[in-house]
Amino acid sequence: MAPPPKVLMVAEKPSIALSIATELSGGHMYTRKGSTEVHEFDGSFRGFHVQYKVTSVIGHVFSVDFPAPYQDWTATDPLDLFQAPIRKAEANPKAHICRHLSQEARGCGYLVLWLDCDREGENICFEVIESTGFHVNEERRRVYRARFSSVTQKDILLAMHNLVEPNRHEALAVDTRQEIDLKVGVAFTRFQTSYFQGRYGNLDSRVISYGPCQTPTLGFCVQRYFQINTFKPEKFWALHPFIIKSGYELQLEWERKKLFDKDVAIMFQKLVMEDRIAKVTEISEKQDIKSRPSGLNTVNLLKVASSALGLGPQVAMQNAERLYTRGFISYPRTESTSYPSSFDFKGVLGELAKNPTWGNYVQRLVADGYHKPRLGTDAGDHPPITPMRSATEDMLEHDAWRLYEYVCQHFIGTVSPDCKYVRTMVEFSIGGESFHCVGHHVTVKGFTTVMPWLAVHEKNLPQFIKGEKIEILKVDLFEGSTTPPDFLTESDLISLMEKNGIGTDASIPVHISNICERNFVQVQAGRKLVPTALGITLIRGYQCIDPDLCLPDIRSFIEQQITLVAKGQADHIRVVQHVLQQFMQKYCYFVKQIENMNALFEAQFSPLADSGRNFSKCGKCLRYMKYISTQPSRLYCNTCEEVYYLPQKGTIKLYKELTCPLDNFELLIFSMAGPEAKSFPLCPYCYNSPPFEGIDTLFGAVKTGGSSKLGKGAGMPCFLCPHPTCRHSMIAQGVCACPECSGTLVLDPVSAPKWRLYCNTCNCLVFLPQGAHRISTTRDRCPECDSTIIEVDFNRIQHHWRMELHCTVAAFFVMSCFIRLWR
DNA sequence: GCAAGGTC
């Protein structure tokens with residue numbers, strides 16, 4: 001009998017795959033562990049008996065980037081990036097998702113895609129199709145798309161019975177966005193980074209980045225800074241009459257609130273004072289309701305985390321993710337504030353009823369009958385963030401507990417009664433002017449019992465009778481002054497981003513942390529975002545060249561264009577071309593006008609020439625270059641007006657006053673940060689423009705030698721001397737013995753001019769400095785380890801170069817290239 | 001060294 005056909009089902013993340021498999025198999029499945037789990041079970045599919053396999057990807061399978069030649073900042077004009085090819089590569093090569101999918105798809109007759117039901121999910125569908133080797137319109141092996149709005153049994157079964165085709169238009173819309181974001185972001189970033197870092201020494205930012213999301217985000221913060229800076233305070237005056245009733249002193253509120261004219265205010269004060277009697281004109285009582293919250297989505301969680309818990313969005317998300325993977329809360333990235341109708345509130349409440357903190361309240365709530373949450377919006381992604389498992393404070397870290405505590409309080413709040421109170425307003429007339437006072441009496445605390453910070457404050461008023469007349473104690477003329485708005489808080493910024501469609505629930509924290517990391521804004525007390533001089537100058541610059549560049553509309557424009565693709569109303573290639581054409585024009589104009597922006601930088605920052613201290617000698621003019629220590633650390637030659645970047649995150653010193661034989665630049669030694677810090681010497685010129693050809697092969701050689709990283713015990717394995725006592729370890733090995741078998745290495749004659757040594761015994765290769773005219777062995781021996789000395793003849797510096805003399809130096813070049821490739 | 005979007 002033929003084996004049953006196989007159906008491969010793929011979800012967006014492992015947890016969803018597990019839920020789907022559990023629901024469809026009734027929990028009777030066999031789970032294979034691997035890089036990602038595969039759940040197997042038997043069942044029926046379209047009337048046939050089949051074997052199911054459910055697995056997942058981990059987000060996007062591929063990410064998009066430029067091919068290698070375009071990665072070189074110095075060799076590529078950013079303008080060329082707009083028309084450059086792009087390529088997709090595995091987003092996380094170490095996870096081997098592609099291999100996993102293609103292996104699992106082998107022998108399967110059906111592919112069912114269970115990716116999230118949004119554009120990104122649709123795009124991942126096609127990444128999965130590509131990885132599995134399925135084709136969309138193939139008769140023999142069919143591809144289906146499951147559309148589901150929640151991972152409940154009902155929705156999963158419904159989706160299984162209503163399988164559709166994946167939507168290529170929506171997927172292409174994502175491809176379109178990826179290409180536009182990549183090209184625009186990278187082109188502007190490279191241009192302005194190179195331009196400004198080549199001129200100023202104290203920008204203190206590794207990279208002066210530009211992005212259609214991060215730049216408008218910065219724009220919001222700077223906009224607020226401008227409002228604060230240009231704010232002109234205005235004086236105002238208000239009347240504050242006081243009365244005494246039943247022993248209470250009461251201040252009455254003026255109907256006119258405040259006046260900006262002192263004389264007029266004084267006139268009213270006189271009128272009121274002359275009357276001296278407050279007459280009660282109206283007493284009204286109204287039942288008011290403060291509604292329980294709707295479900296909690298990511299953006300609202302982040303706002304509360306920042307404003308009430310003092311946790312930044314990035315940290316809050318990390319904690320939320322950890323709570324999620326440990327099973328304490330539901331998936332923390334969601335836009336929805338509405339629960340699906342099938343949601344199991346009883347289950348969640350049953351779990352929380354066990355909790356020592358809220359248990360009593362929840363038990364009473366269940367006994368009295370809990371409420372369904374208020375209706376919110378259903379974005380069709382995931383249910384609101386909900387506690388899943390009871391936890392106590394000692395089970396979680398401090399911040400995680402506080403976040404969990406809030407998620408629980410919010411959830412219990414959503415199913416609690418509304419808060420009800422009576423609002424009493426007493427209106428008065430004094431000298432023809434109207435005043436009032438307001439009292440609150442809470443009748444039902446409702447959800448404010450678990451969310452006490454939202455409680456309505458009890459404010460009792462003495463009993464008044466309509467028509468009653470009360471003598472006035474005094475009438476103060478209050479003088480105040482309008483105050484500027486405060487800096488944006490993270491919470492304000494999140495609201496603005498959400499309102500303007502900048503970023504998504506998952507990316508909003510990333511954009512905010514990006515502008516902090518790039519030193520465009522700083523988070524100050526109260527989680528306020530204060531722009532730095534760099535952030536302010538950048539936005540000012542965009543405003544004077546092309547304000548569009550920092551306005552939120554730039555994102556809406558892209559979104560609107562790709563929506564045409566998603567709806568199938570426009571061809572994606574033409575949209576990419578059209579949008580890139582416009583950005584290319586903007587880019588060209590920006591480059592042309594950059595002097596205007598530069599004028600702002602000039603007024604704010606110090607030129608490279610005035611920055612830093614004299615450090616090491618330039619090989620071209622033989623004068624001292626300046627060492628700029630602010631990030632990115634670099635050397636600047638005042639005479640040649642050249643910048644030489646250095647390896648980052650470490651310390652740099654002069655190296656024995658040696659100079660590089662290739663270019664006469666003084667050599668430096670770099671020590672990496674950390675307790676097990678490695679050091680290596682380098683030539684600043686070679687580091688910025690490696691002198692060798694065939695660096696890729698060189699890199700390969702480094703790998704064959706042993707370690708491929710500059711980690712512990714690593715260095716230059718190919719050039720390490722195997723001789724245990726040899727202190728000339730950096731190069732001697734290349735000429736004395738093979739690192740694999742200790743056999744003698746010979747010059748490989750076939751490969752010239754790619755100089756390398758070949759071991760006849762084990763067939764391995766050791767590469768030598770390239771660019772040499774001639775390399776030959778000599779009769780001399782290394783005084784340190786007795787190995788044969790090699791002579792390298794460099795035409796370009798017109799003299800012979802003996803390995804033993806400069807052997808350590810030769811290794812520096814190799815190291816420079818290696819570092820360059822590696823970082 | 002670069003964007004924004006998934007997810008871990």
Side-chain angles (χ1 to χ4, degrees), chain A residues 11-17 35-36 56-66 70-74 76 78 81-82 84 86 88 90-92 94-95 97 115-116 118-125 127-128 171 173-194 197 205-217 317-318 320-322 324-326 331-333 381-382 497 501-515 517-518 554-555 558-559 562 580 583 631-634 643 645-649 688 819-820 822-823:
Chain A
E12 189 153 325
K13 48 184 166 278
S15 60
I16 303 265
S35 57
T36 42
S56 78
V57 292
I58 313 168
H60 275 288
V61 183
F62 301 111
S63 67
V64 66
D65 207 346
F66 294 109
Y70 293 89
Q71 301 288 357
D72 187 337
W73 284 45
T74 44
T76 311
L81 294 175
F82 286 97
I86 52 167
K88 283 198 170 194
E90 257 195 285
N92 184 0
K94 281 186 192 154
I97 299 295
L115 286 306
D116 288 359
D118 52 22
R119 278 182 200 162
E120 297 295 332
E122 218 60 33
N123 187 269
I124 303 175
C125 281
E127 295 182 341
V128 171
V174 172
D175 285 344
T176 310
R177 178 193 57 71
Q178 287 176 341
E179 183 165 355
I180 296 168
D181 284 345
L182 174 73
K183 292 187 167 177
V184 173
V186 175
F188 275 91
T189 299
R190 283 195 195 170
F191 169 70
Q192 61 185 30
T193 301
S194 312
Q197 276 180 354
S205 180
R206 199 164 45 89
V207 96
I208 319 286
S209 57
Y210 176 86
C213 284
Q214 57 169 272
T215 305
T217 302
M317 272 328 278
Q318 281 162 6
E321 266 156 28
R322 182 107 183 82
Y324 161 66
T325 51
R326 293 175 70 188
Y331 189 62
R333 277 187 285 264
D381 49 358
H382 302 270
M497 292 174 75
I502 306 283
T504 64
D505 45 20
S507 70
I508 282 175
V510 182
H511 298 312
I512 298 180
S513 90
N514 264 343
I515 60 171
E517 202 180 283
R518 306 277 152 82
I554 205 129
R555 190 77 207 156
I558 298 176
E559 285 294 327
I562 65 166
L580 285 180
F583 273 105
Q631 57 166 340
S633 54
R634 66 217 119 133
V643 180
Y645 288 91
L646 297 169
Q648 305 295 311
K649 289 186 183 162
N688 283 272
I819 301 291
R820 218 181 137 81
W822 172 72
R823 67 181 167 142

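Proteins come first, then strands; the chains are lettered A, B, ... in the order of their sequence lines, and each starts at number 1. Just so we're clear, the structure is a prediction, and the values are computed from it rather than from any experiment.
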Can you name the residues that form a side-chain contact (heavy atoms from CB on, under 4.5 Å) with A/Ser15, not counting sequence neighbours?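 For A/Ser15 the side-chain contact (heavy atoms from CB on, under 4.5 Å) partners, ignoring immediate neighbours, are A/Lys13, A/Tyr324.
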How close or far is atom [atom2] of [N] from atom [atom1] of [X], stated in whole angstroms?
X	N	atom1	atom2	result
A/Arg518	B/dG1	CZ	C1'	9 Å
A/Phe188	B/dG1	CZ	P	23 Å
A/Gln178	B/dA4	CD	P	13 Å
A/Glu90	B/dT7	CD	P	18 Å
A/Ile558	B/dA3	CD1	C1'	10 Å

With the stacking rule set at 5.5 Å and 30°, tell me whether A/Trp73 counts as stacking on B/dG1.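 Answer is yes, a stack.
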Do any side-chain nitrogens or oxygens of A/Gln648 fall under 4.0 Å of OP1 or OP2 in B/dG1? no
Any side-chain N or O of A/Thr504 under 4.0 Å from OP1/OP2 of B/dG5? no
Is there a donor on the side chain of A/Gln197 or the base of B/dG1 sitting less than 3.5 Å from an acceptor on the other?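 Yes.
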Can you identify which nucleotide, out of B/dC2, B/dG5, B/dA4, has its nearest atom closest to the A/Arg190 side chain? B/dC2
Could you please name the option among B/dC2, B/dG5, B/dT7 that lies closest to any side-chain atom of A/Gln71?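 When the side chain of A/Gln71 is considered, B/dC2 is the closest of B/dC2, B/dG5, B/dT7.
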Does A/Asp181 pair with A/Arg555 as a salt bridge, N-O distance under 4.0 Å?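 Between A/Arg555 and A/Asp181 there is a salt bridge, with a charged N closer than 4.0 Å to a carboxylate O.
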Could you check whether A/Asn123 gets within reach of a base, just the sugar-phosphate, or nothing at all, counting any heavy atom under 4.0 Å?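 Counting heavy atoms under 4.0 Å across all strands, no contact is made by A/Asn123.
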For the residue pair A/Phe583 and A/Ile554, establish whether any side-chain heavy-atom pair is separated by less than 4.5 Å.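 A side-chain contact exists here, since the closest heavy-atom pair is under 4.5 Å.
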Could you tell me which residues satisfy ring pair (Phe, Tyr, Trp, His ring centres under 6.0 Å) with A/His382, sequence neighbours excluded, listed by chain and number? A/Tyr331
